S.K.: 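Structure provided below as structure tokens; questions to follow.
Keep in mind the model is a prediction, meaning the values are calculated, not measured. A, B, ... follow the sequence lines: proteins, then strands. Residue 1 opens every chain.
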Amino acid sequence: MEALVGTNISKHYTQHTALRNINFTIPDRSIVGLLGPNGAGKTTLIRIINQIITPDTGQISIYGEQLAPKHISMIGYLPEERGLYKKMRVGDQLTYLARLRGMTKKEALEKSKAWVKKFEIAEWWNKKVEDLSKGMAQKIQFISTIMHSPRLIILDEPFSGFDPINAQLITEEILSLREHGSTIIFSTHRMETVEALCDHILLINNAEIILEGSKSRIRSQFRSDTYEVRHVGRFETTGTPYTLLNSEQIEDHLFHSTLKSPRAENPNKILQFLISVTEVHSFIEKLPSMSDIFISLVKGGDRE
Amino acid sequence: MNKILLVARQEFRNRVHKRSFLIATILIPLIFPAIFGILIYTAIQQEKSATRKVVHYIDESGLFKPGGNQFDFRPFNGPLEDAKRAIAHDDSFGLLYIPKIDLYRPQGIILYSTVNPGMADIGALNNLMENVIREAKMRDLQVDQSVLDRLATNVNVLSVKVGESGQEQSTNSAVMSGIGMLFGLLMYLFIFIYGAQIMQGIIEEKTNKVVEVIISAIRPFQLMMGKILGLASVGLLQFLIWIVLITVLSSALFFFFGIDMSQEQVGNLPSAPPSQEAVAELLKVWDQIPITFLLLTFVFYFLGGYLIYGALFAAVGSAVDIPSEAQQFMFPITIPMLISYMSLFLFILQDPHGQISVWLSIIPFTSPIAMMGRVAYGVPVWQLALSMILLVGGFVFTTWLAARIYRVGILMHGSKVNYRVLARWFMMRN
């Protein structure tokens, strides 16, 4: 079953259109990268999923059901603009937020105690938030996002302002949450995070979704049919379907060459050709990075 | 509903657990009497120690006799023009010029002064001159002072309220007006203090960015209502503590002075010694004021007034990023409050059953203060009922209005907000 399906979602404001008839599908147990330049409509979409605002048109279904207020307890949300009540104690803060998400007092207390223990901040339970360091506060915010075991977790720029240790902690936690059956939506500008964590991509630009699908499918969609070859001894491609884009000598007899093949050529055939003309040391398809795809699509869109 | 209660309870706990709540609750009932006491004491001290103002006088009528202890009168020998020049250069208060006057149409008495004299000074001089002229008239008409003394009469009209079934109740306008003033004032202070706290709380939530997390879990309306209701219960608790404190304190005082406030005692009052007659009179009236009814009415109007204005304060808080930006929007909110506050002294306490007073106590925005000014005098049931229904209606209206602005406002940061923007937010679909 799909975690989230959006159909024909539009949202207009007086001066601009934030989303124009978008459709998307987010598979269950995936980590989804919600990408797009600033002002593309990501925050609007996130707020619609969180039922903070309602779309002008369109519908969202969550695990097969029409999105409704009762689903709030299934969703965990860490906004980009996030904060805590400065004067409240850590424990009170966590239990309060958990209860707002529908947990009972007892559950909220048990869960928040377990989480602060896990994140090694149990001794901060009675401290006020204003006395915490920024890193501590970030841990509290993350705990409050996931402590009610949501099936759908939405993180808006989760790593902004996190130190590497916290970022690592949270990355591990995200992977373990997916392991336990949650779906995670990431909104981020950090392509290396997308590269490392996401297995599904949603790219929004100018209020429209311009790219959607699994990372591997998108990669293959944007494959350039180029291969990087290390080989000993020069070769020529004249008279073959292949083009030698460049070739440089890196050691005595070792060359590094880039070869372009016709569309959807079987790599084995290419390799056979190579073996026949040179001594192959390595052979790998050159795949575009998410960053390359993002930039080429968004820039291409702007030119239109 | 559950979530509104959850927010309300959290708000209540946060406020009540603060040290400032305890301090305010205990200190305020002490601070106000203390301020009054200090002011009255200093006023008396100032009067005692004030050096008498020097007033030169030129008396062409031959009637003037310096008197009173407020001024130090000194005759000036010389023409008026010289005198005027002289007072411009010394530090005397002024020059009183009394021309030859017709006793029965005294005109042309002038105080030349280098400063603008205050009302009290002019009043004192008027009194003095009136006495001087009256004595001259008595001599002229050959009236004896003893005859005049016998003519003076002091009447106290006893006011007795007759109920529909004919039962009689003695009333005391001074006590009623005192109660009206106290309740009106308290209402004004309460609404302002608690309204401002709502606004502050919302601005805080907005600026420390916690609000988006919260409204992803509950609807903005629930958050707003929860905060408003939570603070209202803080107000009620505070009010309750004050009533208990004041009751205990005043009972202790009465006990200390040997007067028991119990019913039987008041019923036996006719036999009380004459020295306690005034106190007995006061207690008799006091006994007939339906204190419980007044307190319940106060609680109702406090809640209603607070909710009406609280919702508006909440809307303002949601629209701005820092408290100083809120000033421009506070103004229209304060106007009806100021109107009712000023009317309290101008009309309501003077004429509690006059047309303006009645209407002000019925219109929702002014009724909390205006009705509290009137209610001790006794208000017809239909007026009270209409006023209360309209108050509830007004609260529903302002809450609806505020919620529409609030839901958009709390998510807006750094935008320049004016009334047009507020109107756009109000119209915006969610």
Side-chain angles (χ1 to χ4, degrees), chain A residues 10-15 43-44 46-57 69 71-89 92-105 108 128-130 137 140-142 144-145 148 150 152-154 156, chain B residues 1-21 200-223 226-227 230 321 404 406-415 420-421 423-430:
Chain A
S10 295
K11 181 75 187 174
H12 303 279
Y13 290 108
T14 20
Q15 274 141 9
T43 302
T44 303
I46 287 175
R47 283 182 177 168
I48 286 174
I49 298 171
N50 275 298
Q51 303 177 68
I52 292 173
I53 52 179
T54 48
D56 296 340
T57 65
H71 295 114
I72 282 173
S73 58
M74 289 173 66
I75 302 176
Y77 175 37
L78 184 68
E80 186 179 7
E81 300 277 9
R82 49 190 174 244
L84 296 165
Y85 289 105
K86 290 197 175 66
K87 302 274 176 199
M88 233 194 254
R89 292 177 201 288
D92 289 344
Q93 187 114 214
L94 284 173
T95 43
Y96 176 53
L97 291 172
R99 294 195 64 198
L100 286 181
R101 290 255 169 209
M103 285 171 102
T104 65
K105 195 173 180 177
K128 284 187 178 166
V129 170
E130 59 189 352
I140 309 285
Q141 284 156 354
F142 185 73
S144 74
T145 310
H148 55 291
L152 180 67
I153 299 162
I154 301 170
D156 199 349
Chain B
M1 196 60 208
N2 263 339
K3 291 194 171 167
I4 294 182
L5 287 181
L6 207 59
V7 177
R9 197 158 51 208
Q10 192 63 43
E11 185 73 20
F12 180 82
R13 280 184 46 180
N14 287 350
R15 302 262 174 193
V16 172
H17 283 186
K18 271 189 198 161
R19 212 169 295 130
S20 54
F21 172 80
Q200 211 119 34
I202 287 173
I203 296 177
E204 245 175 68
E205 253 175 11
K206 190 178 163 178
T207 47
N208 71 18
K209 312 273 169 71
V210 77
V211 73
E212 186 154 353
V213 177
I214 306 285
I215 61 165
S216 70
I218 60 176
R219 303 189 58 75
F221 177 78
Q222 292 173 317
L223 177 59
K227 289 188 83 73
D321 289 326
R404 288 191 68 91
Y406 179 86
R407 80 208 150 113
V408 183
I410 41 170
L411 290 175
M412 297 284 179
H413 290 285
S415 50
R420 242 213 339 258
V421 174
R424 203 168 63 219
W425 290 356
F426 174 76
M427 302 300 289
M428 201 183 271
R429 291 187 49 204
N430 201 358

S.K.: Before giving the answer on side-chain contact (heavy atoms from CB on, under 4.5 Å), spell out for A:Q15 and B:R424 the whole-Å C-alpha distance, their side-chain angles and the decisive distance to 0.1 Å.
M.R.: CA-CA 11 Å; A:Q15 274 141 9; B:R424 203 168 63 219; 3.9 Å; yes
S.K.: Quick one, A:Q93 with B:Q10, criterion side-chain contact (heavy atoms from CB on, under 4.5 Å). Give me CA distance, side-chain angles, the key distance, then yes/no.
M.R.: CA-CA 10 Å; A:Q93 187 114 214; B:Q10 192 63 43; over 6 Å; no
S.K.: Determine whether the side chains of B:S216 and A:R101 contain a donor N or O and an acceptor N or O closer than 3.5 Å.
M.R.: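 The answer is yes; a qualifying pair exists.
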S.K.: Taking atom CG of B:N2 and atom CG of A:L100, what is their separation to the nearest 0.5 Å?
M.R.: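 CG of A:L100 is found 11.5 Å from CG of B:N2.
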S.K.: Is A:K86 reaching over with its side chain to a backbone N or O of B:N208, donor-acceptor style, under 3.5 angstrom?
M.R.: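 Side chain of A:K86 to backbone of B:N208, a donor-acceptor pair under 3.5 Å: no, none is there.
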S.K.: How far does CD of B:E212 sit from CD1 of A:I46, to the nearest 0.5 angstrom?
M.R.: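 Nearest 0.5 Å value for the CD-CD1 distance: 8.5 Å.
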S.K.: Could you check A:L78, A:L97, A:L84 and say which one makes a side chain to side chain contact (heavy atoms under 4.5 Å, CB included) with B:V213?
M.R.: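 Exactly one pass, corresponding to A:L97.
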S.K.: List the residues meeting salt bridge (charged side-chain N to carboxylate O under 4.0 Å, His left out) with B:K206, not counting sequence neighbours, and say none if there are none.
M.R.: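 With sequence neighbours excluded, B:K206 shows a salt bridge (charged side-chain N to carboxylate O under 4.0 Å, His left out) to B:D321, given in chain and number order.
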S.K.: Determine the option with the most heavy-atom pairs under 4.5 angstrom with chain B, choosing from A:Q141, A:H12, A:R47.
M.R.: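 Looking at each option in turn, the highest pair count goes to A:R47.
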S.K.: Working to the nearest 0.5 Å, report the span between CD1 of B:I215 and CD1 of A:I53.
M.R.: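 It comes to 9.5 Å.
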S.K.: With sequence neighbours left out, what residues match A:K87 under salt bridge (charged side-chain N to carboxylate O under 4.0 Å, His left out)?
M.R.: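 In terms of salt bridge (charged side-chain N to carboxylate O under 4.0 Å, His left out), with neighbours along the sequence ignored, A:K87 is linked to A:E130.
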S.K.: With a 4.5 angstrom heavy-atom cut-off, is it the side chain or the backbone of B:V7 that approaches chain A, or both, or neither?
M.R.: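 Contact with chain A is through both the backbone and side chain of B:V7.
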S.K.: Do other residues, nucleotides or ligands put more than 12 heavy atoms under 6.0 Å from A:K105 NZ?
M.R.: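 No.
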S.K.: Taking atom types as modelled, is there a side-chain donor on A:Y85 or B:E205 under 3.5 Å from an acceptor on the other?
M.R.: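 There is such a pair (donor and acceptor under 3.5 Å, judged by atom type) between the side chains of A:Y85 and B:E205.
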S.K.: Could you give the distance from CD1 (B:I218) to CD1 (A:I52), rounded to the nearest 0.5 Å?
M.R.: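 Rounded to the nearest 0.5 Å, the CD1-CD1 separation comes to 11.0 Å.
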